[in-house]
Structure formats: C-alpha cells, structure tokens
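A quick write-up on the structure given underneath.
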Amino acid sequence: MLIITNPIIGLIFAVRKAPLDSIELIKTIKQYSETHTLQKVIIGRYENYSEAPAYVELVNEDQKNGLPQKEQLKEEFDTFRQVLTEAGVEVLVPDYVGKFVYDQLTPRDLGMVIGEKFLLCNMVKKSRRYESAGIFRYLHDIPGHEANIIIPDSPTCFIEGGDILVDKGNIFVAVSQRTNQEGVAFLEEQFGSEFNVVPVEARTLAEGENVLHLDCMFNPVGGRAALIYEEGFKQVPREILDNYDLIRVNKEQQRELATNILSLSQDRIISRDHSLCKPINEEIRKAGIDVVEIKFDAAPATGGSFRCCSLPLRRG
Ligand SMILES: NC(=O)NCCC[C@H](N)C(=O)O
C-alpha cells in the first residue's frame, strides 16, 4: 500500500491520479472472455423504432410474423437497463441515426471488442448498413496511440458481431446468413497471431435451420459451461467439444433464442422469462450460476434477445 505523509505531495498525487484512473475505467475497451464481469455496455435503442414505415426492411424470418409495438419495447428495455445498472454496469444507448435505419434494437452486430481492439463490422442488410453511425460517439472516446479500431478492407467482406465470440483464447466465428468466408479470413489476418480463430459453419435456411448468427446456437456461461444448439452446426469444432460442459438446447427452445443470454459475470446471467427458456435457465442454475429472468418478448420477435440487444465495450 502507498502511504503519502507529506500533505502537499499527497494533494498533487490525488489530483493527478484521479483523472488518469477515470480515463482508465471509463474509456478503455477490453474483452477476452464472454463471461468476465461486464463493466460497460451499449444496449439497443427502442426510441424511434420503426417510425417511418416506408423504410422498414424485413431482414429475417422472425420479422415476417409481425413487428412489436413501441410501448412493449420501452417497458422491456427499461427493465433490462435497470437490471444492468443495478449490477453496476455502465449503460450507453446509440444515438438516433435517421428514419432510414428503422431498427436500432440489436447493436451486437455492429461491432465487437476483441482483446483491446474494436472491430467495426460491414453489415449485409441495407437498413442496417449505416446503423453503426449511432455508436460513433462511443468509438471516438476510445484512447490509444495505435489504430485500435479495425475496419474491413473490402465492401464484400461481411461480418457481424453476433457471429463472433471471444473465449478461452479462441475467437469463434460463424459463416452464417450474415458472415462470409471473406469475413473469417479478415479475422484470421487481423487477430490470428493473438487468438486461435475457430471457424464454424452454420446450417442454412435451405437445410431447414434458421440460425441467424452464432449466438443463436452457441454461448458460453460461467467458467466452464456453454449453451449449444447442435443441429445448427454443420460440425461442432473440437475447441467447443473439449473445452465446455455443454447444455443442449432443442429446436423449439432455439427458436425462442434460449442460447442468446447475456453474461453479467461468471456467476450471473440475464435470460428470458419464457416457458421454453425456463428449462434451460434451470440447467444453468444447476451449474451454480444465478439466472436473472426478465420478460423480454418484443425484441426476440425482431430476431434478437439479450446478447443481440447488447454490445459490451468492457469486461474485466
Ligand atoms: N446477434 C443476433 O442474432 N442479432 C439479431 C439481429 C436481429 C436483427 N433484426 C437482424 O436481423 O439483423
């Protein structure tokens, strides 16, 4: 412990130290694991949702069944935000981009903190292509002397945050409805020296499987467990089979996005209060993890649950 007895030196030290600490705490980004304690996160923006019907683009299968009402989104996102804040997490919300970006509920896909760098994603869907403008304010805040915001080289390099998971020294990345081989190659090139990049192929709609992103079929929980919807994979990689105690999710549960939980820490997660998710929540509790259940039906009707509706900037 550092004890400063001279009051003048002590004062100088206190004045110089406080701003440095706050920069360290508030502005830096870090994520080496999906389950380390969540400190800072961007969550979905429900205000202005689908305000201009002319710009609505139905971007996935779920949305064909109808879009949710704003009142329900507000109620559910307010509760989500409150649970995060009470857990000591700093919560940010994207700025409104404009009426041509009709849906800002699922910031997960806009980017991904990998180690101490931010990957800004290229998105497939037209209505999502400019959604990242809503988080630029938070990216400007990231300090660093090197280029730590990584941008794909080509417009055909598609990659979305929902397809990327960083855990146990691996970057799991799915080739899916939204991420292509070029996206995987880009990750290898950028992060291959620091992480083991593990490509995963998701089954396609034509093969009868509707897994939009990797986090709709796989997600680590706690220190050792992971939720998995095996039928969504063409082949489950060794890095998953060998490193995790798998909690299996069935097709009906996957449709309700039972894998798409958000870890607050290794001991605590947020999951849906939904009849099909409850058996999975029970399995997670049996693994010694506290499950906070929240009613969350509106965002899942657009294709995303808690993981999709959040973009962690710092886990420590
Ligand atoms: N990671 C995720 O699975 N995100 C869900 C994205 C839902 C959004 N409406 C989309 O289809 O792009």
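Every number for a ligand or one of its atoms is a count from 1 in the order of the listing.
- A donor atom on one side chain and an acceptor atom on the other are found under 3.5 Å apart for Thr106 and Arg128.
- Between Thr28 and Arg314, the side chains place a donor N or O and an acceptor N or O closer than 3.5 Å (distance only, hydrogens not considered).
- Near Cys308, meaning under 4.0 Å from any of its heavy atoms, are these atoms of ligand 1: 1 (N), 2 (C), 3 (O), 4 (N), 5 (C).
- A distance below 6.0 Å separates the ring centres of Phe296 and Phe80.
- Close approach of ligand 1 to Asp109 (heavy-atom distance below 4.0 Å) involves ligand atoms 1 (N), 2 (C), 4 (N), 5 (C), 6 (C).
- The protein non-hydrogen atom at the shortest distance from atom 11 (O) of ligand 1 is Asn60 ND2, 2.7 Å.
- A donor-acceptor contact closer than 3.5 angstrom links the side chains of Tyr32 and Glu116.
- Backbone and side-chain nitrogen or oxygen atoms of Thr302 are examined, and one is located within less than 3.5 angstrom of a nitrogen or oxygen of ligand 1.
- At a heavy-atom cutoff of 4.0 Å, ligand 1 is contacted by the side chain of Arg178 but not by its backbone.
- Side chains of Glu182 and Ser154: a donor-acceptor N/O pair is present below 3.5 angstrom, by distance only.
- Ligand-side atoms of ligand 1 in range of Cys216: 3 (O), range being under 4.0 angstrom from any heavy atom.
- At a 4.0 Å cut-off, at least one heavy atom of Arg128 sits close enough to ligand 1 to count as contact.
- Set against the non-hydrogen atoms of Asp215, the atoms of ligand 1 under 4.0 Å away are 1 (N), 2 (C), 3 (O).
- Of all the atoms in ligand 1, the ones that sit under 4.0 Å from a non-hydrogen atom of Thr106 are 6 (C), 7 (C), 8 (C).
- Counted by atom type alone, Asp163 and Thr179 present one or more donor-acceptor pairs between their side chains at under 3.5 Å.
- Every atom of ligand 1 is numbered from 1 in the order shown, and the set under 4.0 Å from a heavy atom of Val59 is 9 (N), 10 (C), 11 (O).
- Ligand-side atoms of ligand 1 in range of Gln63: 9 (N), range being under 4.0 angstrom from any heavy atom.
- Residues Gln177 and Asn210 bring a donor and an acceptor atom of their side chains to less than 3.5 Å of each other.
- The minimum heavy-atom distance between Val249 and Tyr229, with the atom names listed, is O-CD1, 3.3 Å.
- Atoms of ligand 1 found under 4.0 Å from any heavy atom of Gly162 (numbered from 1 in listed order, with element): 1 (N).
- Between Phe218 and Tyr244, the ring center distance clears the sub-6.0 Å criterion.
- Between His213 and ligand 1, at least one N/O pair is under 3.5 Å apart.
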